[in-house]
Structure formats: C-alpha cells, structure tokens
Trainee: 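Here you go, one structure.
Along the sequence shown, the residues carry numbers beginning at 1. For the numbers below, each heavy atom of this structure counts, side chains included, while hydrogens, waters and symmetry mates do not.
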Amino acid sequence: MVEQTKHIFVTGGVASSLGKGLTASSLGHLLRARGLRVTMQKLDPYLNVDPGTMNPFQHGEVFVTDDGAETDLDIGHYERFLDVPLVGKSNVTTGQVYSAVIAKERRGEYLGDTVQVIPHITNEIKARIRRAAEASPTDVVISEIGGTVGDIESLPFLEAIRQMGVELGRNRVIYLHLTLVPIVGGSGEIKTKPTQHSVKELRGIGIQPDVLLCRCAHPLPDEQRRKIALFTNVEERAVISAVDADDIYKIPLLLHEQHLDEIVVDKLGLEAPPTDLADWRAVVAAKQNPEAVVDIGMVGKYVQIRDSYISLNEALMHAGIKTRTRVNIHYFESQDLERAGLVALEKMDAILVPGGFGDRGIEGKIEAIRFARERGVPYLGICLGMQLAIVEYARDVLGLKGANSTEFDRATEHPVIALISEWQDLARGQQQRDERSALGGSMRLGAQEARLAAGSLAHAVYGKDVIFERHRHRYEFNNRYLDAMSAGGLRFSGFSADGLVEFIELPGHPWFVASQFHPEFTSTPRDGHPLFSGFIRAAREYRASLRPGRATA
C-alpha cells in the first residue's frame, strides 16, 4: 500500500557528477536482490519541462520510457540496474512543478491564496514523490535529488523532502548523502573537511543524513570514518566508502560488502531475506573474462560527449557480456569523416550509426553506411541510422539522384524520408489522414508494436512475430517508395501496426540491419538485447574471417 511505502532520498554535496545516479541505482538493485519491490525517481532542479529539447552537449542523452516520457539519462541507469521499466512519473523537473502550480492558479484552484514556494511548490513536489509509488505495489521509493547541496535551485526539493521526513516519520524516511573526500597533492592526505561542511549545509536546511557515502579513490581508513561520523552525527557503520570502480557494475557488490543494504533495511524497519547477488556476480564475471574481442566504430555527431550515447554504449557492453566478448567502442565524428575520408573505418569489425537530429555531419554518416554496405562490414543503424541507410541505398543503388530526408532538404526530388503528412495517401479515409497528419507533426514516442516478417534476419534475431520497442523520432520512411525499393533489393522486414516501416535489412550482406526504434533503451546487463547481441556475434564472425589472429581477447 502507498500508505506504507518507505522513502529513501539521495542528495549530493561538495561537487557535481559524483555518481548519485549510479549509487542510487546500485542501492535499488541491492534492495531488489533482497526481494523488495523498488521504484526510483529523479528530481531535477532545472526549469526545462523535460530534457527532450535540451542540447546533448549540455545534458547528454534523452532517455525514453515505455509510456513515451522524455527523461533524464539517470532513468536509464535506474532501469538497467533495477531491471524494471519505469514511467514518466520517474522524472520530475522544476519546470514541470512550476507549470503545474501556475496552471492550478490560473484555474482558481488556490481560491485566491497568495501562491508561494512554501507551501504550494513544495506540496506539488511532495505529491509527485508520492505518485511514484502509485504505478504498482512498491515497498521502497528511492528519489535522487539532482544538483549539489548549496545550489539555490535545489532548495525547494530539499525543503520538500525535509517536510516528508516530518510528515511520514523517520521510520519511513531516510536520507543518504553522497560527498567527495579528496586526496590532496603528493602527500596523499585524505581531507574530510569538505564532507563535514557539506553535511553542515544539509543540516542547516533541516536534514540530518542517516547514511554518508564518501566518494574517494581508495577505501576510507577507520580513523577518517570515525572522524567523519563524529563531526556529522552519523553512525560510524553508516559512513560508507564509495570508492572509484573500474566497472560500474561492480558498485552494487562494493556497497554490499560494506553492508549498505543491511543498514538501510535496518533503519527503515523492513523485513527482507538475505541479498541474492548470484546473477549480478555472473554479469561481472562474464564482463571480466571475455573469450573474444571486437572493435566497433560508432559514427555520430555528439561523440565528444559520451553521455550523449550512454544507453548505446551500455547496450553494446551488455551484448559483450551476453556473448563473452570484449567490445571496444571507437567514436568517429561524422564531420571528421567528411573531411578526412573513411580510412579509419577499415580497422573496424562493425559500424553503428546512432540516432540524432539536424543536418550537421549527415553526409559523413551516409558515407560510413555506404562503406559498410559495399565492404560487407556488419552494420547496425538506429533511428536516423535507418533513415540514412535508406537514403544511401536510394541514391547509390537505385539511382534516385538527390534522394534525401525532408528534414535536411525540403526541396528534394526524392523524399524517401519525410513527415507522414508529406507523403500520406490522400485517397484514404479522412480519419486515417487526420491521425497520420497529427502524428507526422509531432514526435512518435514510447513503446510501440512492430510486426516482423517471417524468414527475415530481424525475426531470427528476436525469435518473435511481434515485438514492442521504444521510439523517439518525427520522420518516417515514405511508403510511396516501398515497392520500388523492395524491387531494388532492400528488404523491409518489420512494420508498425499501421504500416510504418520499423526494420530494414539487406539480403546477401553478412549482417546489415537497421531499426526505426531505439532498442538500446530496453537493454539490461543480465539479459542484454537480442539485436545488439546479434550485432556483436556478426562482428566476431567478420573479425575471425578477415583477422583470425586478432579474434580472441
């Protein structure tokens, strides 16, 4: 019952980007491994309503949930560690909160009251935290507060979680605080003062942390742990070393060794069986002991910021775990390929072109796709990577000069990719035209059905007739070119329920597959994803055929 749900609030101090999301995800995994029902939530202090329109260079990847919400990339970490699909309610921003409060004020719901941060904004935040437990039966909600303690924009969220501790009681609420413990200069001296000041700042807001997670290069010596405990009013056993790990999937194991899950269960008064980490240990062992190695070339336009493709990176790693393969990802800026040529791709065992928006670097991606098609290099295209594979095939194989997407060339003579409203069959019924026109003018988001053709590579990879995958795009394949391109040798092996192209592949090529959807969003460390696993197996076979001496790890 929602009334009995326990809440864990995770805050950060001293510096940003300490790994609150991974720490919170790891704790969620440990609690799940004890048989508890866990969900997670990110409270972000920026004024954007969601990350959907934010620059990937500034904010990294936009993660999409089954219900079509565009969320913070930390939601992806939560799903991968929990192995549970989350929903739009899992991401709350200041923009959402203020928009809701202002809309209520305009409707007169506050009956003329003066609308203020306290109580109206904080009440809206608390309501959204409580809603996280409503989607399904939940024992524990873990809420991560973005930003750093001391940031002015985080104050309403901190005030809201302080109030929840008072309203629900400390047997239902605990606070975890992640701080940085630096090691100074050549002396190697461990400095606890930043942590002390961070906790002092938090306590000044009215929040006494129950657990301190101290990010440091090495495990904290007992002397420093005792000092931190003394000056922060935290139990010594609850001062945990969040040490730098060479593999993010080791973090749950490292925290479990320090009894973090036991401390949390004890403080919340939860009854839970012992932690079962057998599956997770198997994941870590498989990643550490590969049997082969492959080099994957990712040709994108945001490669300077690896967080822009974090789900893709993880999905490739998961496929490596599933196939016992060490996956080396090489990032190629598509504009660099336009200037310098494709020589660097000759050392790759497979090529991946991810999604993206805008026309920068498009021709470099198309050249990389042509390289993979003509040379028989395994290819995987994701979203834009499928659309550009179609553009490349139309130009170079079918001879449709100037073929393009209307996203990049509104005047193209052959709009093989376009908004649905630009190519729909006007002879069809008005209702269907209206529905497709509306869809063409907005983003297609969230999990949707795709039907796979019998006998296709896509069907063989998934082993299913019908799949559900997550989407994030506006432009679609122009079905007016379906017959011509099929006759020209390109296979359309998957369609949505209303006939939109979801999958293409190239018969006769060792492994050339592209999807309109984003399979990386549903990949997990334990199970991987069949499309990525098939891609890595194909890369292994290609490497073994051309470079047998370099095929093993």
Trainee: Can you measure from OG1 (T93) to CE (M54) and round to the nearest 0.5 angstrom?
Mentor: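 Result: 9.0 Å between the selected atoms.
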
Trainee: Taking T406 for its side chain and R410 for its backbone only, find out whether a donor-acceptor pair lies under 3.5 Å.
Mentor: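 No, because the side chain of T406 does not come within donor-acceptor range (under 3.5 Å) of the backbone of R410.
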
Trainee: Please report the shortest heavy-atom distance between G528 and S523, naming the atom on each side.
Mentor: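 Shortest heavy-atom separation between G528 and S523 comes out as C-OG, 3.6 Å.
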
Trainee: I'd like to know if the side chain of E502 and the backbone of A450 have a donor-acceptor N/O pair within less than 3.5 Å.
Mentor: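 Here the side-chain-to-backbone pair does not exist.
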
Trainee: Give a yes or no answer on whether the side chain of E124 reaches the backbone of V97 with a donor-acceptor pair at less than 3.5 Å.
Mentor: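 Pair absent, no side-chain N/O of E124 close to backbone of V97.
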
Trainee: Find out whether V416 and Y393 are in side-chain contact, i.e. whether some heavy atom of one side chain is under 4.5 Å from a heavy atom of the other.
Mentor: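 No. Closest side-chain heavy atoms not under 4.5 Å.
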
Trainee: Does any N or O in the side chain of N91 come within less than 3.5 Å of the main-chain N or O of D72, such that one atom is a donor and the other an acceptor?
Mentor: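 Pair found, side chain donor or acceptor close to backbone of D72.
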
Trainee: Within the side chain of S456, is there an N or O that forms a donor-acceptor pair under 3.5 Å with the backbone of H459?
Mentor: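 At least one qualifying donor-acceptor pair exists.
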
Trainee: If the test is side chain to side chain donor-acceptor pair (under 3.5 Å), which one of E469, H318, E520 qualifies with H529?
Mentor: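 Considering E469, H318, E520, a side chain to side chain donor-acceptor pair (under 3.5 Å) with H529 is found only for E469.
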
Trainee: Kindly say whether A403 contributes a backbone atom to a donor-acceptor pair with the side chain of R395 at under 3.5 angstrom?
Mentor: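 Judged by distance alone, yes, a pair lies under 3.5 Å.
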
Trainee: Given F535, which of V294, I296, V513 fulfils the side-chain contact (heavy atoms from CB on, under 4.5 Å) condition?
Mentor: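 Exactly one pass, corresponding to I296.
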
Trainee: Does any non-hydrogen side-chain atom of I310 lie less than 4.5 Å from one of H77?
Mentor: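 Yes, side chains in contact.
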
Trainee: Do R540 and T325 have side-chain N/O donor and acceptor atoms under 3.5 Å apart?
Mentor: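 Indeed, the side chains of R540 and T325 share at least one donor-acceptor pair under 3.5 Å.
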
Trainee: Kindly compute the distance separating CG (L388) from CZ (R370), expressed to the nearest 0.5 Å.
Mentor: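 One finds 14.0 Å between CG of L388 and CZ of R370.
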
Trainee: With a 4.5 Å cut-off on side-chain heavy atoms, are K301 and K365 touching?
Mentor: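 Contact flag for K365/K301 side chains = yes.
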
Trainee: Can you name the closest pair of heavy atoms from H29 and P252 and give their distance?
Mentor: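 H29 and P252 have their closest heavy atoms at CD2-CB, 4.2 Å.
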
Trainee: Assess, by modelled atom type and distance only, whether the side chains of R444 and Q448 contain a donor and an acceptor separated by less than 3.5 Å.
Mentor: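 Side-chain D/A pair, R444 to Q448: present.
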
Trainee: Considering only distance and modelled atom types, tabulate donor-acceptor pairs under 3.5 Å from the side chains of residues 279-289, sequence neighbours left out.
Mentor:
unit_1, atom_1, unit_2, atom_2, d
W280, NE1, Y249, O, 2.7
K287, NZ, D247, OD1, 3.1
N289, ND2, A285, O, 2.8

Trainee: Would F503 and F517 count as a ring-ring contact (aromatic ring centres under 6.0 Å, His included) here? Give the steps.
Mentor: CA-CA 9 Å; F503 245 120; F517 50 80; 5.5 Å; yes

Trainee: Return the minimal non-hydrogen interatomic distance between A514 and Y379, and the atom names on each side.
Mentor: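 Smallest interatomic distance, heavy atoms only, reads CB-CE2, 4.4 Å.
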
Trainee: CD/E363 to CD/E392 distance, rounded to the nearest 0.5 angstrom?
Mentor: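 The CD atom of E363 sits 10.5 Å away from the CD atom of E392.
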
Trainee: Any side-chain donor paired with an acceptor under 3.5 Å for H414 and N404?
Mentor: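 Result is no, nothing qualifies.
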
Trainee: Given side chains that start at C-beta, do those of V353 and L384 come closer than 4.5 Å, heavy atoms only?
Mentor: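 Side chain of V353 against side chain of L384, heavy atoms only: no contact under 4.5 Å found.
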
Trainee: Considering only heavy atoms from C-beta outward, does the side chain of P525 approach that of R80 to under 4.5 Å?
Mentor: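 Sidechains of R80 and P525: in contact.
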
Trainee: Is E541 paired with R543 through a side-chain N to carboxylate O contact shorter than 4.0 Å?
Mentor: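 No, no charged N to carboxylate O under 4.0 Å.
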
Trainee: Taking the side chain as C-beta and beyond, is there a heavy-atom pair between F512 and P507 under 4.5 Å?
Mentor: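 No, too far: nothing below the 4.5 Å cut-off.
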
Trainee: Which residue, T65, D66, T522, forms the side chain to side chain donor-acceptor pair (under 3.5 Å) with R470?
Mentor: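 Exactly one pass, corresponding to D66.
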
Trainee: Return the CG to CG distance between L457 and L452, rounded to the nearest 0.5 Å.
Mentor: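 It comes to 10.5 Å.
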
Trainee: Between V84 and T39, is the side chain to side chain contact (heavy atoms under 4.5 Å, CB included) condition met? List the steps.
Mentor: CA-CA 8 Å; V84 172; T39 192; over 6 Å; no

Trainee: Quick one: closest heavy-atom pair of A538 and P378, and the distance?
Mentor: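 Residues A538 and P378, closest heavy atoms: O-CG, 3.6 Å.
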
Trainee: If you compare all heavy atoms of G88 against all heavy atoms of A69, which two are closest, and at what distance to 0.1 Å?
Mentor: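 That closest heavy-atom pairing would be CA-CB, 3.3 Å.
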
Trainee: Evaluate the side-chain proximity of M386 to I390: yes if any heavy-atom separation is below 4.5 Å, no if none is.
Mentor: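 Yes, at least one pair of side-chain atoms sits under 4.5 Å.
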
Trainee: List the steps and the verdict of salt bridge (Lys or Arg N to Asp or Glu O under 4.0 Å) for D527 and K322.
Mentor: CA-CA 7 Å; D527 300 320; K322 190 74 174 178; 5.1 Å; no

Trainee: Do the side-chain N and O atoms of Y78 and Q41 include a donor-acceptor pair separated by under 3.5 angstrom?
Mentor: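 The answer is no; no qualifying pair exists.
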
Trainee: Please check: side-chain N/O of R360 versus main-chain N/O of Q335, any donor-acceptor pairing under 3.5 Å?
Mentor: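 Looks like no, no N/O pair under 3.5 Å.
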
Trainee: Just do the salt bridge (Lys or Arg N to Asp or Glu O under 4.0 Å) check on E134 and R131 with the steps written out, would you?
Mentor: CA-CA 5 Å; E134 295 174 355; R131 282 180 212 151; 5.4 Å; no

Trainee: Rounded to the nearest 0.5 Å, what's the gap from CG on L352 to OH on Y331? Could you check?
Mentor: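 Nearest 0.5 Å value for the CG-OH distance: 10.5 Å.
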
Trainee: Sequence neighbours left out, what passes salt bridge (charged side-chain N to carboxylate O under 4.0 Å, His left out) with D246? Give chain and number order.
Mentor: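 D246 satisfies salt bridge (charged side-chain N to carboxylate O under 4.0 Å, His left out) with K250 once adjacent residues are dropped.
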
Trainee: With distance as the sole test, does H509 use its side chain to make a donor-acceptor pair with the main-chain N or O of A372 at under 3.5 Å?
Mentor: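 Yes; judged by distance alone, with no hydrogens or angles, the pair exists.
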
Trainee: Of all heavy-atom pairs between A484 and L398, which one has the smallest distance, and what is that distance?
Mentor: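 Residues A484 and L398, closest heavy atoms: O-CD1, 4.1 Å.
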
Trainee: Go through the steps for M40 and L82 under the test side chain to side chain contact (heavy atoms under 4.5 Å, CB included), then give the verdict.
Mentor: CA-CA 9 Å; M40 298 187 67; L82 290 183; 3.5 Å; yes

Trainee: Measuring centre to centre across the rings, with the benzene-like ring taken for any Trp, is F492 within less than 6.0 Å of F477?
Mentor: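 Yes, the ring of F492 comes within the 6.0 Å limit of the ring of F477, centre to centre.
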
Trainee: Does the pair E413 and K401 meet the rule for a salt bridge (Lys or Arg N to Asp or Glu O under 4.0 Å), with working shown?
Mentor: CA-CA 8 Å; E413 185 178 351; K401 186 177 181 180; over 6 Å; no

Trainee: Report yes or no: do E61 and S311 form a side-chain donor-acceptor pair below 3.5 Å?
Mentor: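 Note: E61 and S311 side chains meet the donor-acceptor criterion.
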
Trainee: Is there a donor in the side chain of Q387 and an acceptor in the side chain of H473, or the other way round, less than 3.5 Å apart?
Mentor: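 No, no side-chain donor-acceptor contact under 3.5 Å.
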
Trainee: Can you find a heavy atom in the side chain of R472 that is under 4.5 Å from one in the side chain of M443?
Mentor: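 The answer is yes; the side chains approach within 4.5 Å.
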
Trainee: Apply side chain to side chain contact (heavy atoms under 4.5 Å, CB included) to I125 and V92, showing your working.
Mentor: CA-CA 8 Å; I125 293 170; V92 177; 5.7 Å; no

Trainee: To the nearest 0.5 Å, what is the distance between CG (D74) and NZ (K42)?
Mentor: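 Rounded to the nearest 0.5 Å, the CG-NZ separation comes to 4.0 Å.
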
Trainee: For D349, does its backbone N or O pair with a side-chain atom of D295 as donor and acceptor, under 3.5 Å?
Mentor: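 It does not hold such a pair.
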
Trainee: Determine whether a donor-acceptor pair (N or O, by modelled atom type, separation under 3.5 Å) exists between the side chain of R451 and the backbone of S496.
Mentor: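 Between the backbone of S496 and the side chain of R451 there is no qualifying donor-acceptor contact (under 3.5 Å).
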
Trainee: Test F81 against V38 for side chain to side chain contact (heavy atoms under 4.5 Å, CB included), laying out the working first.
Mentor: CA-CA 11 Å; F81 277 71; V38 181; over 6 Å; no

Trainee: Less than 4.0 Å between a side-chain N and a carboxylate O, is that true for D67 and K89?
Mentor: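 Between D67 and K89 there is no salt bridge, as every charged N stays at least 4.0 Å from the carboxylate O atoms.
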
